[in-house]
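Reminder, nothing fancy here: chain letters follow the sequence lines and each chain counts from 1.
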There are 2 protein chains.
Amino acid sequence: MQMRKSPRQQRSRQTVERIIDAGRTVLADQGYDAFSTNRVAAVAGISPGSLYQYFGDKDAILTIVIDRYWDEVAEQVAASLNDRIGPGTIGLDGVRSILDALFSALERNPALLRVLTEQLPQVANRERRHALEQRIRDVLVTYLTARPESSRRPDVDLAAWVLVMAVQNVALRWSLDRPGFNRDRVLDEVVVLVGGYLLA
Amino acid sequence: MQMRKSPRQQRSRQTVERIIDAGRTVLADQGYDAFSTNRVAAVAGISPGSLYQYFGDKDAILTIVIDRYWDEVAEQVAASLNDRIGPGTIGLDGVRSILDALFSALERNPALLRVLTEQLPQVANRERRHALEQRIRDVLVTYLTARPESSRRPDVDLAAWVLVMAVQNVALRWSLDRPGFNRDRVLDEVVVLVGGYLLA
DNA sequence: CTTGTATGCGAGCAAACACTCGCGTCAGGC
DNA sequence: GCCTGACGCGAGTGTTTGCTCGCATACAAG
């Protein structure tokens, strides 16, 4: 179920925002198990009944929190992407700064990222993450097509898919697992991974 | 909680196996939501009470199903790895056949793989997947150290980590999302990814 | 056969929790 | 200032589900 009715007055618009904030807070601070409607309502400082005036069910709140999170990540990566993609050939330093943006975006809210990726049924994230991936793949494909000299891979779609899948997991797992490796060196290695693949 | 007591008689050992089988069946066929103790017991053809003679709680059954699954995957990959690692330098065709083994292992039980990775809280898989990753990383590190001519990466540990993370996700997502790409061509690309990275 | 133990049963308990409903309160247009 | 609908309340309901417990049955040792 989705949003039940839209808030008309000022007061209720604040209520809706407080519910969403409370949802994010509970998720990030106490985990998915604690994410009960009663608790979210309590943290939001409202009653459980009020919650159901605007949200059809528990999942509706969860969905909004998830959507907002991935939208923020997408926004930051897209910003860096658009900055670099205008001029001419990107070059390895450009790749690096885009990767840097991705890493930074994932570092913004580690607690929430952890809960979203480790405690939630992934099916909840699936749609949004696919959208994010698709968005980046599209940019990649148009870039690689426009500048064939920057890649030796024959199938552009396939190359973009492989790169996104590979890079995504390196970034994600570095953010979540915090292995002992230095951030800058990991970035360097990913740049090599990408460059080596495209120009092999 | 763990295993509550071990089965002494033949009869009860069969019961335990039937419970585990039922657990796997319910998970793969009906998903995690349907994975209730009562239903598992029903599918196993026993009563809920009997189930708790051997398993401390619901999670104990789940854990065993997960462990067995990842152990099987690890076994198949390790087998291919050990076959290839004995002789001398592996070479790109050797890399390819190891990757092939990984893909095949993930293709064995797609339904269960999907439920484990998409519906379960990932924290349940975490330990086992880390163990699997660590195992492969160790093999990689010893190989790369023993044959420095096969890689130009300065930090062997870091290189192994990056490769495992990158390759893992490509394999996993290809198995789960079934994008339109031909299996062999994906394998080829991953070989290029690995080779290009190590020899860049 | 007897007896102690391992195994199995299944109705039912207790807790958690998503969600409702009837009623009181307040905002804001006229 | 009034009046109507939007807003908010919170105790309560219905259901689900993990798990127990007292008892029956099957097994194996002596």
Side-chain angles (χ1 to χ4, degrees), chain A residues 1-23 25-27 30-66 115 119-121 123-124, chain B residues 1-27 29-66 115 119-121 123-124:
Chain A
M1 206 186 290
Q2 295 283 5
M3 210 71 114
R4 182 161 283 176
K5 74 179 182 192
S6 9
R8 308 249 167 235
Q9 304 179 359
Q10 178 85 18
R11 182 171 44 139
S12 55
R13 249 168 281 149
Q14 282 181 2
T15 302
V16 168
E17 280 309 309
R18 278 201 303 188
I19 293 171
I20 298 173
D21 281 350
T25 303
V26 170
L27 264 188
Q30 319 203 57
Y32 184 53
D33 287 343
F35 187 77
S36 72
T37 52
N38 290 342
R39 188 182 298 253
V40 170
V43 171
I46 59 156
S47 103
S50 305
L51 193 151
Y52 283 93
Q53 294 234 337
Y54 307 102
F55 297 93
D57 56 15
K58 183 176 142 171
D59 259 20
I61 307 171
L62 187 62
T63 300
I64 292 199
V65 172
I66 293 174
V115 173
Q119 296 183 22
L120 252 58
V123 73
Chain B
M1 208 187 291
Q2 295 284 3
M3 208 71 114
R4 183 160 285 175
K5 74 181 182 191
S6 15
R8 308 248 168 236
Q9 304 180 0
Q10 178 86 17
R11 183 170 44 138
S12 55
R13 249 168 283 149
Q14 283 182 359
T15 303
V16 168
E17 279 309 308
R18 279 201 304 189
I19 293 171
I20 297 173
D21 281 350
R24 180 170 44 230
T25 303
V26 170
L27 264 188
D29 294 354
Q30 319 202 52
Y32 183 53
D33 287 344
F35 187 78
S36 73
T37 53
N38 290 342
R39 188 182 296 253
V40 170
V43 171
I46 59 157
S47 103
S50 305
L51 194 150
Y52 283 94
Q53 294 236 336
Y54 307 103
F55 298 93
D57 56 14
K58 184 174 142 171
D59 258 21
I61 306 171
L62 186 64
T63 301
I64 290 198
V65 172
I66 293 174
V115 174
Q119 295 183 23
L120 251 58
V123 72

Could you tabulate the donor-acceptor pairs under 3.5 Å formed by side-chain atoms of residues 18-27 of chain B, not counting sequence neighbours?
from	atom 1	to	atom 2	distance (Å)
B:D21	OD1	B:R24	NH2	2.7
B:T25	OG1	B:D21	O	2.8

With rounding to the nearest 0.5 Å, note down the distance linking CG in B:L120 to CZ in B:F35.
->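 Answer for the CG-CZ pair, B:L120 versus B:F35, is 8.5 Å.
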
Interatomic distance, B:D57 atom CG to B:T63 atom OG1 [nearest 0.5 angstrom] =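 Separation between the atoms: 8.0 Å.
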
Positions of residues 48-64 of chain A (non-hydrogen atom under 4.0 Å from DNA chain C), listed by number |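 By residue number: A:G49, A:Y52, A:D57, A:K58.
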
Run the numbers on B:R4 and B:F55 for side-chain contact (heavy atoms from CB on, under 4.5 Å), then give the verdict.
-> CA-CA 5 Å; B:R4 183 160 285 175; B:F55 298 93; over 6 Å; no

Which atoms form the tightest heavy-atom contact between B:A60 and B:G56, and what is the distance?
->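 Looking at all heavy atoms of both residues, the closest pair is CB-N, 4.2 Å.
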
Grab the two heavy atoms, one from B:D33 and one from B:Q119, that are nearest each other, plus how far apart they are.
->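 Taking every non-hydrogen atom into account, N-OE1, 4.4 Å.
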
Heavy atoms of chain B, cut-off under 4.0 Å: which first and last nucleotide of DNA chain C, 5' to 3', fall inside that, if you could look?
->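 Extent of the interface on DNA chain C: C:dA6 to C:dG10.
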
Name the one of A:V65, A:L51, A:I46 that satisfies side chain to side chain contact (heavy atoms under 4.5 Å, CB included) with A:V40?
->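 Of A:V65, A:L51, A:I46, side chain to side chain contact (heavy atoms under 4.5 Å, CB included) with A:V40 is met by A:L51 alone.
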
Check: A:A41 main-chain N/O paired with A:N38 side-chain donor or acceptor under 3.5 Å =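 Answer holds: no.
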
Check every nucleotide of DNA chain D for an atom under 4.0 Å from a heavy-atom of chain A, then give the first and the last such nucleotide from 5' to 3'.
->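 Nucleotide range in contact with chain A: D:dA6 to D:dG10.
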
Scan residues 4-17 of chain A against DNA chain D and write down, sorted by residue number, each residue with any heavy atom closer than 4.0 Å; if none is found, say none.
->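 Heavy-atom contacts with DNA chain D come from A:K5, A:P7, A:R8, A:Q9, A:R11, A:S12, A:T15.
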
Residues from residues 37-47 of chain A lying under 4.0 Å of DNA chain D - heavy atoms |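 Hits under 4.0 Å, by residue number: A:I46, A:S47.
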
Would you mind reporting whether A:Y32 and B:P121 have side-chain heavy atoms less than 4.5 Å apart?
->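 No; the side chains remain at least 4.5 Å from each other.
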
B:R13 CZ: over 12 foreign heavy atoms closer than 6.0 Å |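 Counting other residues, nucleotides and ligands, CZ of B:R13 exceeds 12 neighbours.
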
